[in-house]
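This report concerns only the one structure given below.
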Amino acid sequence: MTVASARNRILMLDFPGRRPEAHLTELRLEDADLECEYLLTHPLPTELDTRAYAEQLCRRMDTDPRDAVAVVAYCAAAPLAAPIAARVGGPDRPPLPIVYLDPSRCLDYHLVKNYTEIARQIAGHTDLEERIPLLDVAALIPTPEEYLARIAADLTQRSRAVLAADGFTAAEADQAMGTTIDLYMQWLTYLVAVHHPDPPPPAADVLQLVSRDHPAEAAWLGIAPEQTVRFDCLRPVLAEDPGVRGALLAFLDRAATAAPTRM
């Protein structure tokens, strides 16, 4: 049974929202008769460790998870793929095959950088940073709950200060900025959850597809070097590269042949 001859469900892990990089939707897997279920949708999970976050995503699946045949993960979502592949595979079946596109680790640096960028986006072109100094979030990273709670309070204070200059009350500012801050906090919670992934579960069939400058240092994902294919393109267009799509479909086809009862 080939991939193109069956209606197969692929679990897609790709953070929603605007960004310079192409989303996994650009792979156009539906054109190959595949059903794609995007698990990372708003409102996102609130769990703060990788396995619990992945488990919450699994509980959201629209249909029987046993119908899924593979997991495809992009960038920082990579640590979520193996727990989901193991969880959906079940105790009596091997983990689902996994395809990683430019898998990337979330480091302390990223948790600091993203908070700083968000705080400055809220401030805009004001002198707010001088009046409300940035938090020392690096010191908060070892305590994720405090990290997120302090940032939520900080962003609320900043939004109130910015909008107060335009005549908004604190309540009006909270109403105006509430949804935006919530989206920022969902993003930061996601980063916290993938920041300290557990050791990977037993490896499934795995393919890593990487862009030209990706380091491809994926030992942290349990990927062997021979399972990596590099493409001569930059990350922003990786998901649009026809070679990437072809390699992914060929991998799924091989997995279907190797496990006909699943595929």
I'd like to know if D241 and R245 make a salt bridge, using a cut-off of under 4.0 Å between side-chain N and carboxylate O.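 No, D241 and R245 are not salt-bridged.
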Going by an N to O cut-off under 4.0 Å, is there a salt bridge joining R19 and D14?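 Yes, charged N to carboxylate O under 4.0 Å.
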Does the [X] side chain pair with the main chain of [Y], one donor and one acceptor, at a distance under 3.5 Å?
X    : Y    : answer
R212 : L234 : no
T143 : E146 : no
H214 : S211 : no
H23  : T25  : no
Q208 : Y100 : no
R150 : L135 : no

Could you go through R59 and E55, starting from their C-alpha distance and side-chain angles, then the distance that decides it, and tell me whether this counts as salt bridge (Lys or Arg N to Asp or Glu O under 4.0 Å)? CA-CA 6 Å; R59 291 197 297 268; E55 176 67 26; 3.8 Å; yes
So among L24, V99, V69, which one has a side chain to side chain contact (heavy atoms under 4.5 Å, CB included) with I10?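 Of the listed residues L24, V99, V69, the side chain to side chain contact (heavy atoms under 4.5 Å, CB included) partner of I10 is V69.
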A side-chain contact here means heavy atoms from C-beta on lying under 4.5 Å apart; do [X] and [Y] qualify?
X    : Y    : value
L248 : L29  : yes
D174 : R160 : yes
C106 : L111 : yes
P16  : T41  : no
L96  : L11  : yes
L34  : L252 : yes
T189 : L44  : no
N114 : T116 : no

Distance-only donor-acceptor check, side chains D154 and Y115, under 3.5 Å: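 Short answer, yes.
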Regarding E21 and Y74, is there a side-chain donor-to-acceptor distance under 3.5 Å anywhere?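 E21 vs Y74: no donor-acceptor pair found between side chains.
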[X] and [Y]: which non-hydrogen atoms are nearest, and at how many Å?
X    : Y    : answer
P142 : P144 : O-CD, 3.4 Å
L13  : A77  : O-CB, 3.7 Å
L39  : R60  : O-NH1, 4.3 Å
L249 : A32  : CD2-CB, 3.8 Å
M185 : L148 : CE-O, 3.3 Å
P103 : A78  : CB-CB, 3.6 Å

Report the C-alpha separation of Y184 and I122 in whole Å, then their side-chain angles, then the decisive distance to 0.1 Å, and conclude whether the side-chain contact (heavy atoms from CB on, under 4.5 Å) test is met. CA-CA 11 Å; Y184 283 141; I122 291 175; 4.1 Å; yes
Is [Y] reachable from [X] through a run of hydrophobic residues whose side-chain heavy atoms are each under 4.5 Å from the next?
X    : Y    : answer
V206 : W220 : yes
Y147 : I181 : yes
I151 : L191 : yes
V229 : V237 : no
V210 : M12  : no

Tell me whether Q175 at atom CD has more than 12 heavy atoms from other residues, nucleotides or ligands lying less than 6.0 Å away.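 At most 12 heavy atoms, drawn from other residues, nucleotides or ligands, come within 6.0 Å of this atom.
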At what distance, to the nearest 0.5 angstrom, does [atom1] of [X] lie from [atom2] of [Y]?
X    : Y    : atom1 : atom2 : value
E47  : L57  : CD    : CG    : 10.0 Å
D136 : L134 : CG    : CG    : 10.0 Å
L238 : R230 : CG    : CZ    : 10.5 Å
L27  : L101 : CG    : CG    : 6.0 Å
E240 : R28  : CD    : CZ    : 10.0 Å
H195 : I141 : NE2   : CD1   : 5.5 Å

Can you check whether W187 and Y190 have ring centres sitting under 6.0 Å from each other?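 Close enough - the centres of the two rings lie under 6.0 Å apart.
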Pairs involving residues 98-115, ordered by first then second residue, that meet salt bridge (charged side-chain N to carboxylate O under 4.0 Å, His left out) (sequence neighbours left out):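 Sorted pair list: D102-R235, K113-E117.
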Please list all pairs passing the salt bridge (charged side-chain N to carboxylate O under 4.0 Å, His left out) test where one or both residues lie in residues 70-86, with sequence neighbours left out.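 Matches after skipping sequence neighbours: none remain.
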For residues 36-60, which residue pairs qualify under ring pair (Phe, Tyr, Trp, His ring centres under 6.0 Å), counting only residues two or more places apart or in two chains?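 Sorted pair list comes back empty.
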Applying side-chain contact (heavy atoms from CB on, under 4.5 Å), run through I132 and Q157 and close with a yes or a no. CA-CA 9 Å; I132 306 177; Q157 181 185 16; 3.8 Å; yes
